[in-house]
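Quick notes on the structure that follows.
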2 protein chains.
Amino acid sequence: MVMATGRDEWVEAAYERFAEHGLAAVRVEPLAAALGTTKGSFYWHFSSRAELIAAVMERWEERETLQAIDVAEASGPPAERLAALFQAVASRARGRQGEATLYVEAVEEGVMAAVERVSQRRIDYIAGLLVELGLDPQEAQRRGVVCLAMVLGLQQLGTGTSGSLTAVRDPELARTALAMALAV
Amino acid sequence: MVMATGRDEWVEAAYERFAEHGLAAVRVEPLAAALGTTKGSFYWHFSSRAELIAAVMERWEERETLQAIDVAEASGPPAERLAALFQAVASRARGRQGEATLYVEAVEEGVMAAVERVSQRRIDYIAGLLVELGLDPQEAQRRGVVCLAMVLGLQQLGTGTSGSLTAVRDPELARTALAMALAV
DNA sequence: GTCGCACCATACGCAACCGTATGGATGGAG
DNA sequence: CTCCATCCATACGGTTGCGTATGGTGCGAC
């Protein structure tokens with residue numbers, strides 16, 4: 001199988017590396033080796049590594065948005081939707097440590113704008129739910145930020161922790177986090 | 001001023017780089033240049049870069065512990081101590097993005113153990129305060145984890161955000177976070 | 001004074017990557 | 001068949017950084 005290596009394959013392979021190991025792991029030569037081809041191909045389809053990174057982030061933003069819409073359109077009362085969101089994030093975290101380094105790497109790679117857009121959307125979505133639950137919009141916005149921070153932080157804590165830090169693996173964590181988010 | 005470059009100067013200079021830009025930014029040759037010396041000196045005092053990283057983490061753990069004790073010995077009721085802690089973390093965050101990447105980098109650099117120890121101490125400290133406030137120990141532990149996650153996440157969000165994401169800069173954030181931590 | 005040791009500078013080899021240069025291969029249009 | 005555009009492999013030069021080898025230099029002991 002000599003599968004043609006089009007632009008899309010490059011982006012997809014790069015996307016997987018990003019999702020699993022972060023943007024820093026998106027490197028041209030290793031990627032080429034993994035795809036069974038060489039840099040010659042890459043630099044035909046792309047002008048630089050930066051262009052690949054940009055394409056990866058574009059794809060990320062796209063998929064993030066699609067998924068956000070999926071979640072948003074899930075029926076049910078706001079509290080349940082928020083619960084589902086927390087649960088989804090918690091279960092989806094494994095094998096996706098790429099985002100754990102995103103905020104720092106995005107600066108270095110010059111793609112912070114996309115990250116900020118996605119962050120804003122996430123915050124707004126959570127804040128919207130909280131407003132539906134009767135919170136003041138300002139306070140809901142702040143809680144949205146804190147909830148996003150919780151998610152990002154839990155992702156951090158989930159990486160590496162080899163066995164110590166047992167509390168991080170507590171399956172009740174999501175429930176607690178949700179309770180904190182909803183507390184009046 | 002031809003200041004002698006002893007082992008300690010190397011560690012301190014490395015520590016500053018770590019605090020500001022993360023472990024990945026602790027690189028021997030740039031460090032040597034910054035200190036006005038060369039690798040020759042470095043490899044006299046250290047056997048490898050890994051040894052320097054280990055020394056940096058040792059210093060970090062030390063200072064973290066000292067500061068934790070400082071905070072712990074600050075008088076006042078638990079709620080106030082927790083408030084002071086959040087406020088301290090919020091204000092101290094600027095110029096210290098080094099920890100934002102720590103959980104990921106610690107794995108690569110082989111110093112996760114120190115990070116886990118510090119994390120555990122932080123969680124335990126917060127959980128202790130919450131128990132004093134009447135929470136169930138199990139629940140307090142979970143909240144400790146979530147609070148630490150909040151801090152780590154807010155650190156993430158604080159890096160880079162060039163102007164968008166205004167909600168992150170809201171000075172009321174710390175208050176909201178505290179309220180979420182204390183909510184019954 | 002000179003010997004030796006602590007300390008450092010220079011130069012080297014090695015590896016991982018980025019980006020470029022250049023020369024095939026392959027396949028459809030004419 | 002031939003020509004040209006796609007697409008790719010190989011080889012190269014440049015950078016950054018690690019670790020080593022080796023040769024000073026200053027300075028206290030004697």
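Lettering of chains follows the sequences in order, A, B, ..., and the numbering in each one begins at 1.
- To the nearest angstrom, C1' of D:dA11 lies 15 Å from OH of A:Tyr43.
- Of the two residues near DNA chain D, A:Ser41 and B:Phe42, the one whose nearest nucleotide lies more 5' is A:Ser41.
- As rounded to whole Å, 16 Å separates atom P of C:dA6 from atom CZ of B:Arg7.
- A residue-by-residue look at A:Val26 and A:Gly40 shows that A:Val26 has its nearest nucleotide of DNA chain C further toward the 5' end.
- Regarding B:Glu108, its CD atom lies at a distance of 16 Å from the P atom of D:dG17, rounded to whole Å.
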Discussion item. Run A:Arg117 and A:Glu61 through salt bridge (charged side-chain N to carboxylate O under 4.0 Å, His left out) and show every step you take.
Written reply: CA-CA 8 Å; A:Arg117 279 193 298 273; A:Glu61 194 173 352; 2.7 Å; yes

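- Between A:Ser48 and the phosphate of C:dC18, there is no side-chain N or O to OP1/OP2 separation shorter than 4.0 Å.
- Rounded to whole Å, atom P of C:dC7 lies 13 Å from atom CZ of B:Phe46.
- Here the C1' atom of nucleotide D:dC8 and the CH2 atom of A:Trp10 are 10 Å apart, to the nearest Å.
- Contact check, B:His45 against C:dA6: no side-chain N or O comes under 4.0 Å of OP1 or OP2.
- A:Phe46 and A:Phe42 have parallel rings, their planes meeting at less than 30° on a 0 to 90° scale where 60° marks the start of perpendicular.
- Within the 4.0 Å cut-off from OP1 or OP2 of D:dC18, at least one side-chain nitrogen or oxygen of B:Arg49 is found.
- Although no hydrogens or angles enter the test, the distance criterion places no donor-acceptor pair under 3.5 Å between the side chain of B:Glu109 and the main chain of B:Leu102.
- Contact annotation for A:Thr37: backbone-only contact, meaning every heavy-atom pair under 4.0 Å involves sugar-phosphate atoms and none involves a base.
- Rounded to a whole Å, the CZ atom of A:Arg27 is 12 Å from the P atom of D:dG17.
- Rounded to a whole Å, the CG atom of A:Leu31 is 14 Å from the C1' atom of C:dC18.
- Within the 3.5 Å criterion, the main-chain N or O of A:Pro78 finds no donor-acceptor partner in the side chain of A:Glu132.
- Ion pair B:Glu139/B:Arg142 flagged as a salt bridge, since at least one NZ, NE, NH1 or NH2 atom sits closer than 4.0 Å to an Asp/Glu carboxylate oxygen.
- Atom P of nucleotide D:dA21 and atom CH2 of B:Trp44 are separated by 16 Å, given to the nearest angstrom.
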